[in-house]
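Read the structure below first, then the notes.
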Amino acid sequence: MKKILHNNNKHNIQIIALTLTFVLATIFAVSCTPPTDTSENTPSYIFNTPGSFENPTATAGKEELSYTDITLLNAGDIMYHNTQLKSAYNSSTGKYDFSNDFKYMQPIVSAADYAVVNFETTTANQNKYEAYPTFNSPLETLTSIKETGYDMLLFANNHCYDNKKAGFLATLNQFKNYGFEYIGAKTSEEDKSYVVKDINGVKLGMMNYTDTITQPNSKYYTINGISINDGCDKLMDIYVRNQYDKLYNEVALRISDMKAQGADLIIMYIHWGDEYQLEPVSSQKIVAQKLCDLGVDVIIGGHPHVIEPMEMLTSKTDPNHSTICFYSLGNYISNQNRLSFQDLAQSIRPYTENGLTVTLTIRKYNTGDVFVKSIEYTPTWVHRYSRGNGYYNYNVVPLRQALEAPSSYGLENSSFGISHATAALAMTDPVFEKAVMSYNSAMADTIAVFSQSYDEN
């Protein structure tokens, strides 16, 4: 977008661009290391959309300025490990029940105009469920996700091929059966694996790619170490790390196609990086910058299973274009936990319990100009607590709200709920607070200048 703005050159864009230089000067990635003192009072962690300014009075012969706002919610990685499957099974009914997983998130998710999450498992053979290293989950997982309010599933990730082509296609067909839209994959070569989604008149161009994680062998692509020897690579949006030409060429063509379809904003969902790294690695930085140069407006990342910072990028080919990049939203739900994850360094284990939901408020004016008006973020935490005999309850909780009303969000169901939730917020919030506040403040100023410029011209 043009400095967070698509313009149609009707207004004084130079004034707006001067205001927006503040965005690039003040937004930065913050270290994931938690602060030593968490007692200091800080602003609200859930940024409510600022109130709309009054539309300017129309001048003679000119249409009054008006706009439409939509909200797009994005969440991180959904995974189901063996302990989760065991805990969700009801032996008396022979059925699985994951309905408690997201019950505390449902009001937030359902309030958004559109909600997207990464589905990092398959729903292939319904007679044999498994988890790491190859995932296959019950259909009831889709039931709980749907009931929470999610509209779109991302399927370009390193576990989408865990049950080969048959499992890949079976999962996509189940997405359709449950009424989900999806990107990053397709059931036939003739289809498109990306979409232009019209949300209340705002058109979002949306695509989804994954790093294959492992290098090709002599004959086939591989993903997650599995050779794609059945032609399924033609149905998957994948790229090989350090072999980027194919990715960049495809993205350029897709952006052109989506814009031809009227896309107002281009969003890339991408599965990349290295697991359990609190900062983006060089391959993420390289790809993110090129996506910015190609014209992507927003990048939402996953795969590291921990949160990584937000950064504002400026195009090297068009200095008026900038990109919002969230490198990793972390785990939305999994069994990765400070107690269960013995193979991971003790200092990193607690971070695997944390996630982030990001809600973009996108404003489209009747002039055709489009802003990412504001960013709201909700730090989340997986409250995993025992109910005996190796069975656990799993609740994803929005941390700010849960700490303000612990009993209402089940934090008192364990002896550590409040203390671990407090620690989780201290790990997550400092990564985003200043960057998001700076962005929202700058955009409020920008919108005021835009409105004034329209009125004056």
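Computed from a predicted structure; not experimentally measured. The basis for the numbers below is simple: all heavy atoms, side chains too, and nothing from hydrogens, waters or symmetry mates.
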Which pair of non-hydrogen atoms, one from [X] and one from [Y], has the smallest distance, and what is that distance?
X      : Y      : answer
Pro309 : Pro280 : CD-CD, 3.8 Å
Thr141 : Pro138 : OG1-O, 2.7 Å
Ser328 : Val306 : OG-O, 2.7 Å
Ser414 : His383 : OG-NE2, 2.7 Å
Ser334 : Val382 : O-CG1, 4.2 Å
Ala426 : Pro430 : O-CD, 3.1 Å

Flag yes if more than 12 heavy atoms outside [X] fall under 6.0 Å of its [atom1] atom; otherwise flag no.
X      : atom1 : value
Gln346 : CD    : no
Tyr132 : OH    : no
Lys176 : NZ    : yes
Lys95  : NZ    : no

Roughly how far apart are [X] [atom1] and [Y] [atom2], rounded to 0.5 Å?
X      : Y      : atom1 : atom2 : answer
Ile223 : Met236 : CD1   : CE    : 4.0 Å
Phe326 : Tyr377 : CZ    : OH    : 9.5 Å
Leu411 : Phe416 : CG    : CZ    : 10.0 Å
Asp113 : Asp151 : CG    : CG    : 9.5 Å
Tyr394 : Phe102 : OH    : CZ    : 12.5 Å
Tyr244 : Ser283 : OH    : OG    : 4.5 Å

So, [X] versus [Y]: side-chain donor-acceptor pair below 3.5 Å or not?
X      : Y      : value
Tyr114 : Glu181 : yes
Asn413 : Tyr385 : yes
Asn200 : Thr68  : no
Tyr129 : Gln126 : yes
Ser193 : Asp237 : yes
Tyr327 : Glu311 : yes
Thr222 : Thr214 : yes
Glu353 : His420 : no
Asp257 : Tyr194 : yes

Worksheet item: Does the ring pair (Phe, Tyr, Trp, His ring centres under 6.0 Å) test come out yes or no for Trp272 and Tyr209, once each step is laid out?
Response: CA-CA 9 Å; Trp272 58 356; Tyr209 274 85; over 10 Å; no
Discussion item. Would Leu153 and Leu142 count as a side chain to side chain contact (heavy atoms under 4.5 Å, CB included) here? Give the steps.
Written reply: CA-CA 10 Å; Leu153 300 180; Leu142 294 176; 3.9 Å; yes
Main-chain N/O of [Y] paired with [X] side-chain donor or acceptor, under 3.5 Å:
X      : Y      : value
Ser374 : Asn440 : no
Gln84  : Met79  : yes
Thr323 : Val296 : yes
Asn136 : Ala124 : yes
Ser386 : Gly388 : yes
Asn208 : Tyr269 : yes
Tyr161 : Asn158 : no
Lys186 : Asp191 : yes
His81  : Asn335 : yes
Asp77  : Asn118 : no

Taking the side chain as everything from C-beta on, heavy atoms only, tell me whether [X] gets closer than 4.5 Å to [Y].
X      : Y      : result
Met105 : Tyr332 : yes
Thr378 : Thr359 : no
Leu235 : Lys165 : yes
Tyr80  : Phe98  : yes
Tyr248 : Asp293 : no
Leu139 : Asn177 : no
Asp211 : His303 : no
Glu147 : Gln106 : no

Worksheet entry | Audit row: Arg241, Asp274, salt bridge (Lys or Arg N to Asp or Glu O under 4.0 Å) steps and yes/no | CA-CA 11 Å; Arg241 190 177 301 191; Asp274 290 352; 2.8 Å; yes
Practice prompt. For Asp264 and Lys203, run salt bridge (Lys or Arg N to Asp or Glu O under 4.0 Å): C-alpha distance rounded to whole Å, both residues' side-chain angles, the deciding distance at 0.1 Å, then the answer.
Written response: CA-CA 5 Å; Asp264 297 305; Lys203 293 184 177 182; over 6 Å; no
Practice prompt. Sort out for me which residue in Asn354, Thr357, Val358 forms a side chain to side chain contact (heavy atoms under 4.5 Å, CB included) with Leu329.
Written response: Val358
Worksheet item: ring pair (Phe, Tyr, Trp, His ring centres under 6.0 Å) with Phe155: which of Phe180, Phe175, Tyr182?
Response: Phe175
Item to complete: Please confirm whether Arg349 makes a cation-pi placement over Phe341, using NZ or CZ under 6.0 Å from the six-membered ring centre and within 45° of the ring normal.
Response: no
Worksheet item: Going through the checks in order, is the side chain to side chain contact (heavy atoms under 4.5 Å, CB included) test met by Met312 and Tyr439?
Response: CA-CA 9 Å; Met312 291 299 302; Tyr439 181 91; 4.2 Å; yes
Practice prompt. Might you work through the side chain to side chain contact (heavy atoms under 4.5 Å, CB included) test for Thr361 and Ile70, ending with a clear yes or no?
Written response: CA-CA 6 Å; Thr361 297; Ile70 65 164; over 6 Å; no
